[in-house]
Visitor: 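Have a look at the structure that comes next, please.
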Amino acid sequence: MQNWKRYTITAALPYANGPVHIGHLAGCYLPSDIYVRYLRSRQREALFICGSDEHGVPITIKARNEGITPQQVVDKYHTMMKNSFAEFGISFDAYGRTTSKTHHETASAFFKKMYEQGSFEEKETEQYYDEAAQQFLADRYIMGTCPVCGNENAYGDQCEKCGSSLSPTDLINPRSVLSGAVPVKRMTKNWFLPLNKLQPKIEQYLSKHTNWKTNVYGQCKSWLESGDGLQPRSMTRDLDWGIPVHAEGAEGKVLYVWFDAPIGYISNTIEHFNGSDEWKKWWQDNDTRLIHFIGKDNIVFHCIIFPAMLMEHGEFITADNVPANEFLNLEGDKISTSRNWAVWLHEYLLEFPGKQDALRYSLCANMPETKDNDFTWKDFQLKNNSELVAILGNFVNRVLVLTEKYFESKVPDATECSDLKAFMLQQKTKVEDSLEQFRFREALQEVMNVARHGNKLLTEKEPWKLIKTDKEATGIVLYDCIQIIANLALIAQPFLPFSSKKLFEMLNIDGSQLNWENIGDMTLLKGNHQLGTASLLFDKIEDDIIEVQIAKLKNTVEQKPEIPSTITAQPPALNPEIVFDDFAKIDLRVGTILTAEKVEKADKLLKLSVDMGFETRTIVSGIAEHFKPEELPGTQVCVVANLAPRKLRGIESKGMILLAEDENGKLIFVSPNTAISNGSVVR
Ligand SMILES: [Zn+2]
């Protein structure tokens with residue numbers, strides 16, 4: 001085992017097109033925070049780096065949908081995420097952003113060095129192009145019908161309805177989301193990282209890390225061993241949002257977001273140290289242990305592509321471990337931001353003020369370390385009420401209340417119990433071993449076992465009975481229990497920092513003067529030390545609170561059915577402007593369809609008789625592909641009543657029915673939203 005001088009801990013840069021949810025927390029931010037807090041408590045030199053990932057296609061799509069600029073999108077979510085993390089106690093040393101000047105400079109310089117030393121291969125490939133919008137289209141910018149489930153709004157990379165992963169050529173009736181045009185293929189030049197050639201280097205790197213979590217190591221092996229192994233991957237994109245590529249013939253191209261984002265760890269470190277050389281020891285010293293905390297969807301980027309980039313560049317250390325977690329589900333279903341099936345951190349913080357540790361506890365106890373796991377509100381309630389309240393909170397409360405009653409809230413003058421010291425030291429070692437192996441659930445269990453042990457001690461010794469006969473013996477019991485509380489405040493601190501702080505306040509001691517190595521010390525509080533005011537460490541969470549949350553989830557899903565947001569193009573080109581008099585020439589009236597029948601030898605036409613109030617008319621309408629004749633009688637419609645009659649298939653049609661067309665070409669009637677007399681004027 002290497003003797004590390006310091007630790008650089010990174011947490012995956014959250015993508016700045018939406019807020020943070022509990023899946024993100026359980027996958028990456030909570031375990032990394034627990035680990036860093038533990039390292040700091042052990043007096044290890046550690047730097048905890050994160051920031052917002054602000055480039056890439058989904059942000060440009062969100063901006064387009066909302067009619068704002070990509071910069072406005074990322075400004076909004078960067079601030080929101082940064083504040084939520086801070087409030088939740090995620091203790092980043094630096095939380096930067098990839099739109100910063102420092103990051104643009106760092107990522108550009110990184111690319112430039114690799115470009116100049118010939119690390120990339122230039123290749124011309126065929127890419128989809130929108131001739132109307134005159135730009136290349138990322139897969140996400142192409143929509144069409146999913147060949148698997150028939151969803152008409154599937155994206156060029158995946159169908160969000162059935163989850164199939166697709167390529168744009170799979171789509172039926174592909175269309176550009178920019179203009180609606182059918183995309184065409186065009187040649188374009190990009191810069192590829194030849195991962196096929198780098199494969200031996202990557203294999204050698206991974207062979208030094210066979211101790212990684214099996215889910216991580218296994219996924220790396222399958223990337224290397226499946227098919228022809230690793231393939232070259234383009235590190236540039238034809239896009240206008242991102243970091244411009246400085247290379248010959250690279251106008252209009254930006255760095256691939258997965259090239260620039262992990263460099264964000266480095267640039268956020270540089271920014272943290274204000275341009276001094278201090279950052280270098282965190283990224284260039286072989287005695288620094290680099291650990292990337294991520295979710296399983298990022299494994300290939302952090303275990304293969306980023307290390308390949310770092311090794312190719314040549315001036316940086318690579319990760320010693322990448323303890324990726326699996327996914328957290330919610331109430332038995334995949335968390336989905338498009339369906340709003342999620343528990344959002346910023347909403348939790350508003351709705352459960354002061355209850356950060358209840359969520360930290362529940363997420364840690366359910367952490368998806370080796371397989372996907374489930375969060376349910378009922379389980380959250382159960383963990384809060386029957387573990388935090390009933391075990392930890394209850395122990396602390398009983399001890400402090402009894403000490404107040406029998407000893408005026410002063411630590412009884414007694415001596416330490418040697419059995420307890422041995423027990424605490426054993427718990428300390430267990431938690432250390434678990435955390436060093438990134439087994440957070442197991443570690444948390446051992447923390448709770450300390451509180452369980454305290455409760456057992458109280459139950460066995462019964463100080464509330466003992467006081468009647470032996471005050472000195474009662475003092476010894478409470479002295480021991482108070483030392484256990486102080487130890488709990490230390491050992492629980494990485495997991496439950498807010499409660500730890502409260503415990504120190506209740507004990508009236510300065511927690512900042514203590515650290516991990518004080519665990520096992522059964523003299524942390526001296527005899528006659530005046531304790532602080534006891535308060536409840538955790539509150540019970542009642543059923544109605546939980547039911548509100550479950551109902552909220554169900555409602556949001558009903559309000560937002562499983563339709564991916566359709567993309568509205570830039571304002572469409574309108575017909576030439578008209579004056580009011582032009583409009584006033586049109587006589588629009590309400591009518592009711594009386595009968596409808598197919599027109600022979602015309603697939604698209606229906607012959608309708610329409611009650612106009614003042615007369616019944618025959619109107620031929622091109623709607624046969626959209627409506628069945630039998631469903632139309634009784635439908636109120638709007639009619640252009642003064643349109644000159646014309647003959648269609650030998651039938652004279654008097655007037656025209658107004659229809660709206662959705663983005664897929666489906667027609668619906670423009671109708672009054674309540675029944676109104678036939679012949680009424682529309683204006
Ligand atoms: Zn589908």
Side-chain angles (χ1 to χ4, degrees), residues 11-33 50-92 94-100 140 160 241 257 261 264 268 293-295 297-298 325 327-331 333-360 362-363 368 375 377 380 548-557 559-560 562 564-565:
L13 305 187
Y15 199 59
N17 73 336
V20 174
H21 60 61
I22 54 168
H24 299 128
L25 295 175
C28 170
Y29 304 107
L30 185 58
S32 54
D33 183 62
C50 192
S52 305
D53 177 5
E54 305 190 330
H55 295 132
V57 172
I59 281 165
T60 65
I61 289 183
K62 184 151 191 111
R64 191 169 275 277
N65 277 343
E66 295 185 0
I68 55 179
T69 63
Q71 189 64 49
Q72 286 171 311
V73 171
V74 299
D75 286 350
K76 174 178 164 187
Y77 291 112
H78 170 73
T79 308
M80 195 169 177
M81 294 192 292
K82 188 177 179 182
N83 293 345
S84 299
F85 281 136
E87 205 183 323
F88 193 57
I90 304 293
S91 57
F92 300 130
Y95 189 84
R97 52 195 309 191
T98 59
T99 52
S100 74
R140 276 262 142 175
E160 295 203 336
W241 176 245
V257 65
N268 293 345
F293 281 85
I294 55 167
D297 49 335
N298 287 346
N325 274 346
F327 288 152
L328 187 73
N329 295 327
L330 172 60
E331 301 283 351
D333 211 347
K334 268 192 181 160
I335 291 179
S336 160
T337 53
S338 61
R339 288 192 300 130
N340 205 17
W341 188 257
V343 176
W344 304 103
L345 179 57
H346 66 289
E347 292 185 359
Y348 177 88
L349 292 166
L350 269 178
E351 290 163 21
F352 292 86
K355 291 197 176 358
Q356 286 93 333
D357 280 353
L359 185 60
R360 287 178 69 111
S362 164
L363 293 176
F375 175 94
W377 280 110
F380 165 79
V548 166
Q549 292 300 325
I550 294 170
K552 184 177 152 193
L553 264 181
K554 302 254 150 86
N555 286 341
T556 49
V557 168
Q559 282 164 15
K560 291 195 178 178
E562 294 181 44
S565 55

Visitor: To the closest 0.5 Å, what do you measure between CG (Leu328) and NE2 (His21)?
Guide: 9.0 Å
Visitor: Please answer whether the main-chain N or O of Ala358 pairs with a side-chain N or O of Ser362 as donor and acceptor at a distance below 3.5 Å.
Guide: no
Visitor: Work out which heavy atom in Glu54 is nearest to a heavy atom in Ala16; give both atom names and the distance.
Guide: CG-CB, 4.0 Å
Visitor: Just so I know, are the side chains of Tyr29 and Leu363 near enough to count as touching, which here means a heavy-atom distance under 4.5 Å?
Guide: no
Visitor: Among Leu350, Thr337, Leu349, find the residue that satisfies the side-chain contact (heavy atoms from CB on, under 4.5 Å) test when tested with Trp344.
Guide: Thr337
Visitor: Does Tyr348 reach the main-chain N or O of Gln356 with its side chain, forming a donor-acceptor pair under 3.5 Å?
Guide: no
Visitor: Would you say that Ile90 contacts Tyr95 through its side chain, given a criterion of any heavy-atom pair below 4.5 Å between the two side chains?
Guide: no
Visitor: Give the intermediate values and the outcome of salt bridge (Lys or Arg N to Asp or Glu O under 4.0 Å) for residues Glu160 and Arg140.
Guide: CA-CA 11 Å; Glu160 295 203 336; Arg140 276 262 142 175; 3.4 Å; yes
Visitor: What is the minimum heavy-atom distance between Ile335 and Asn329, and which atoms define it?
Guide: CG1-C, 4.3 Å
Visitor: If you look at every heavy atom in Gly51 and Pro14, which pair is closest and at what distance?
Guide: O-CD, 2.9 Å
Visitor: Verify the ring-centre separation between Phe352 and Trp377: is it less than 6.0 angstrom?
Guide: yes
Visitor: Asn268 side chain to Gly264 main-chain N or O, any donor-acceptor pair under 3.5 Å?
Guide: yes
Visitor: Between Pro19 and His24, which heavy-atom pair has the shortest distance, and what is it?
Guide: O-CE1, 4.0 Å
Visitor: Sort out for me which residue in Gln71, Lys76, Gln72, His78 forms a side-chain contact (heavy atoms from CB on, under 4.5 Å) with Val74.
Guide: Gln71
Visitor: So, for Lys334 and Trp341, which heavy atoms are closest and what is the spacing to 0.1 Å?
Guide: O-CD1, 3.2 Å
Visitor: Can you find a pair of side-chain heavy atoms, one from Phe92 and one from Lys82, that are under 4.5 Å apart?
Guide: no
Visitor: Which atom names give the shortest non-hydrogen contact between Val73 and Asn17, and what distance separates them?
Guide: CG1-CA, 4.3 Å
Visitor: First locate atom CG of Asn298, then atom CG of Asn325, and finally report the distance between them rounded to the nearest 0.5 Å.
Guide: 12.0 Å
Visitor: Between CZ of Phe85 and OG of Ser52, what distance do you get to the nearest 0.5 Å?
Guide: 8.0 Å
Visitor: A side-chain contact here means heavy atoms from C-beta on lying under 4.5 Å apart; do Arg360 and Asp33 qualify?
Guide: yes
